[in-house]
Peer 1: 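One structure coming up, written as structure tokens, with questions to follow.
One-based numbering, in listed order, for ligands and for the atoms of each.
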Amino acid sequence: MSKSGSKVQEAKLELYRKKGKIHAKAASGRFNTLRWAVVWFTQIIFYGTCWLSWDTTGVTRQAVLFDIAHEKFYVFGVVLWPQDALLLAIVLILAATALFFVTAMAGRLFCGFACPQTVYTSIFTWIEAKLEGDHLARLKLDQGPMSARKLAIKSIKHGLWFLFAAWTAITFVGYFTPIRELLPTIPTWSVGPWEGFWLIFYCAFTYAQAGLAREAVCQHMCPYSRFQGVMFDPSTKNVTYDAKRGEPRNIGRHDSKAGDCIDCGICVQVCPTGIDIRDGLQYQCINCGLCIDACNQVMTKIGAPIGLIRFMSEKEVAGAVQPKGLTQRPRVAIYASLLAVFFMLGAWTLADRSLLLVDVLRDRGSLHRETAEGNIENAYTVKLMNLAEAPRNFIVTVSGLPGLAIVGEQEFAVAPGSIRPVSMTVAMPDSGEVRGIQPIYFHIAAKDAPDMAVQEKTSFILP
Ligand code: SF4
Ligand code: SF4
């Protein structure tokens with residue numbers, strides 16, 4: 001390429017890098033297809049799951065609902081209570097460890113493919129491209145003076161963005177308030193104060209982040225991009241320009257010393273964060289692979305092998321051998337082990353969680369009571385928590401002292417997912433052999449589900 005041609009090229013690239021909003025050229029290829037597959041997959045799950053219903057013992061409820069007001073999280077057949085906070089903590093640790101593992105393996109792969117910022121920016125940019133045209137048409141429209149056409153196009157675009165952001169906000173809030181109850185309250189704005197706040201906030205947040213801020217979030221706001229480097233090891237694969245093969249660029253394909261890069265700048269034009277990957281690894285790079293798609297097309301056109309830009313590790317760049325097993329990559333091995341441990345811990349916690357919780361409180365008002373029949377009585381309040389989604393009858397018995405028995409009713413019905421406090425009296429004959437404070441046990445078992453059983457220790461006071 002000539003010197004003047006290079007200057008024009010450089011000027012063109014400047015448009016994408018520094019002149020305000022980035023209008024990336026559309027890319028096509030393997031990574032672009034994969035990105036859109038992830039967009040479809042994640043969004044079908046997000047927008048669709050809140051409409052699924054779950055039938056449980058004749059009652060139909062929303063399949064996935066985070067009912068904060070009633071302190072219950074419903075996830076299909078599983079109902080999580082505040083007592084299941086450990087499980088929630090394990091899920092969060094598992095998600096963080098999975099992110100570390102993926103980052104150690106292939107850099108910011110999550111950012112480039114599955115991060116909500118990337119996903120929504122892709123959708124908003126798609127709407128923009130449908131209305132305003134390709135990247136050059138969008139650039140021209142932005143730089144041109146205001147006209148009736150420009151005003152109309154921009155108004156429709158912002159209107160569609162707003163509608164999409166509003167639907168996203170309704171869906172989001174619909175995971176906390178049943179969406180079928182929420183939706184009819186929106187036209188008259190008879191939503192509750194918290195629903196109203198989150199609807200407005202999430203709508204504005206989506207509109208501003210995905211429509212207005214876009215790549216600036218990845219470049220300047222995202223804290224993850226700043227510390228992701230600590231998870232890398234020399235074998236972490238990142239989108240990398242093969243400088244050995246590409247340089248010297250811009251001399252012409254007929255020169256035997258020329259590299260394969262023809263300095264066409266297309267890899268920069270397609271980059272959603274507006275960087276030039278040929279400048280080396282940069283924190284703004286989200287590993288989306290669009291520059292790989294673009295450069296592969298250029299290489300195919302000029303008859304050179306594809307892969308001038310590809311996923312490469314520091315080791316591969318230096319010509320060293322990429323380790324194959326995890327044993328040679330301690331950091332990745334640690335993340336993989338943690339992932340396996342937390343997965344098993346989560347599965348075990350879920351499988352082992354009891355659907356019956358019991359609290360036994362001794363009545364502090366009276367120490368003990370002596371009856372005319374010669375018995376000693378203590379009073380208790382027993383809180384029966386039925387975490388199952390079916391009604392249960394629980395049988396309560398006591399043990400620990402000779403002749404210890406419950407006075408009165410021993411069987412209690414508890415509605416699904418509810419707590420029933422019951423007052424109980426426990427008595428034993430006063431033989432005079434046992435004195436003071438003695439340990440005793442309450443045994444509670446479901447009548448029709450013998451594996452649902454709990455034992456609680458408490459004390460019995462004698463004169
Ligand atoms: S797309 Fe490929 S050939 Fe074109 S400038 Fe980028 S690296 Fe060079
Ligand atoms: S440099 Fe390539 S991989 Fe990195 S953000 Fe830009 S297009 Fe995506």
Side-chain angles (χ1 to χ4, degrees), residues 1 5-18 22-36 38-39 102-103 106-115 117-119 121-122 125 135 214-220 222 224-225 228-229 232 236-253 255 258-313 317:
M1 201 178 279
S6 176
K7 270 189 183 164
V8 172
Q9 184 59 51
E10 197 50 39
K12 250 176 148 185
L13 293 184
E14 285 300 301
L15 286 173
Y16 297 93
R17 289 183 205 150
K18 291 173 187 156
I22 292 166
H23 287 296
K25 182 179 158 72
S28 59
R30 210 156 42 111
F31 290 102
N32 186 50
T33 308
L34 189 60
R35 279 186 103 206
W36 278 104
V38 175
V39 169
V102 170
T103 306
R108 289 178 77 183
L109 211 56
F110 170 78
C111 302
F113 291 85
C115 172
Q117 177 62 32
T118 302
V119 166
T121 300
S122 301
T125 312
H135 64 300
R214 318 210 301 204
E215 67 288 336
V217 176
C218 310
Q219 289 175 330
H220 309 295
C222 176
Y224 179 55
S225 65
Q228 55 166 327
F232 291 3
T236 301
K237 294 212 177 208
N238 278 298
V239 173
T240 311
Y241 167 66
D242 187 346
K244 276 188 202 148
R245 191 186 132 189
E247 304 291 319
R249 59 181 108 139
N250 201 16
I251 301 173
R253 290 280 304 153
D255 186 331
D260 278 344
C261 176
I262 60 168
D263 208 20
C264 62
I266 293 176
C267 53
V268 184
Q269 293 177 26
V270 299
C271 177
T273 60
I275 58 167
D276 187 344
I277 193 65
R278 296 171 300 168
D279 294 340
L281 187 63
Q282 293 148 73
Y283 73 84
Q284 296 98 331
C285 176
I286 54 172
N287 263 9
C288 66
L290 295 181
C291 53
I292 300 181
D293 281 345
C295 189
N296 281 350
Q297 284 184 349
V298 174
M299 290 298 109
T300 307
K301 265 189 203 153
I302 65 169
I306 61 167
L308 177 58
I309 303 175
R310 60 185 186 276
F311 273 89
M312 271 198 288
S313 69
V317 172

Peer 1: Around atom 8 (Fe) of ligand 1, find the nearest protein heavy atom and jot down its residue, atom name and distance.
Peer 2: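 Residue, atom and distance for the closest contact: Cys261 SG, 2.3 Å.
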
Peer 1: Looking only at protein heavy atoms, which one is nearest to atom 6 (Fe) of ligand 1, and what is the separation?
Peer 2: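 It is Cys267 SG, 2.3 Å.
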
Peer 1: Which part of Ile275 is near ligand 2, with near meaning a heavy atom under 4.0 Å away: side chain, backbone, both or neither?
Peer 2: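 It is the side chain that touches ligand 2; the backbone stays farther off.
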
Peer 1: Is Gly265 near ligand 1, meaning one of its heavy atoms is under 4.0 Å from it?
Peer 2: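 Heavy atoms of Gly265 do come under 4.0 Å of ligand 1.
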
Peer 1: Just jot down the ligand 2 atoms closer than 4.0 angstrom to any heavy atom of Thr273, in number order.
Peer 2: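 Close to Thr273: 5 (S).
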
Peer 1: Hey, is Ile286 touching ligand 2 through its side chain, its backbone, both or neither, going by heavy atoms under 4.0 Å?
Peer 2: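 Both of them.
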
Peer 1: Would you mind checking which non-hydrogen protein atom is closest to atom 3 (S) of ligand 1, with the distance to 0.1 Å?
Peer 2: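 Ranked first by proximity to atom 3 (S) of ligand 1 is Ile262 N, 3.5 Å.
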
Peer 1: Mark the output for Met299 as yes if a heavy-atom distance to ligand 1 is under 4.0 Å, and as no if none is.
Peer 2: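 For ligand 1, residue contact (heavy atoms, under 4.0 Å) with Met299 is present.
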
Peer 1: Can you tell me which residue and heavy atom of the protein come closest to atom 2 (Fe) of ligand 1, and the distance to 0.1 Å?
Peer 2: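 Residue, atom and distance for the closest contact: Cys295 SG, 2.4 Å.
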
Peer 1: Below a 4.0 angstrom heavy-atom separation, can you tell me which part of Val268, side chain or backbone, both or neither, approaches ligand 1?
Peer 2: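 Under 4.0 Å from ligand 1, Val268 contributes no heavy atoms.
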
Peer 1: Check Arg249 against ligand 1 and report side chain, backbone, both or neither, counting heavy atoms closer than 4.0 Å.
Peer 2: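 Neither; nothing of Arg249 gets under 4.0 Å from ligand 1.
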
Peer 1: If the cut-off is 2.8 Å, does any N/O/S atom of Cys285 fall short of it from atom 6 (Fe) of ligand 2?
Peer 2: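 Looking at Cys285, which is the residue asked about, there is no N, O or S atom under 2.8 Å from atom 6 (Fe) of ligand 2.
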
Peer 1: Quick check on contacts: which atoms of ligand 1 are under 4.0 angstrom from a heavy atom of Arg278?
Peer 2: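 Here the atoms of ligand 1 in question are 5 (S), 7 (S).
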
Peer 1: Could you tell me the residue and atom name of the protein heavy atom closest to atom 4 (Fe) of ligand 1, and the distance to it rounded to 0.1 Å?
Peer 2: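 It is Cys264 SG, 2.3 Å.
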
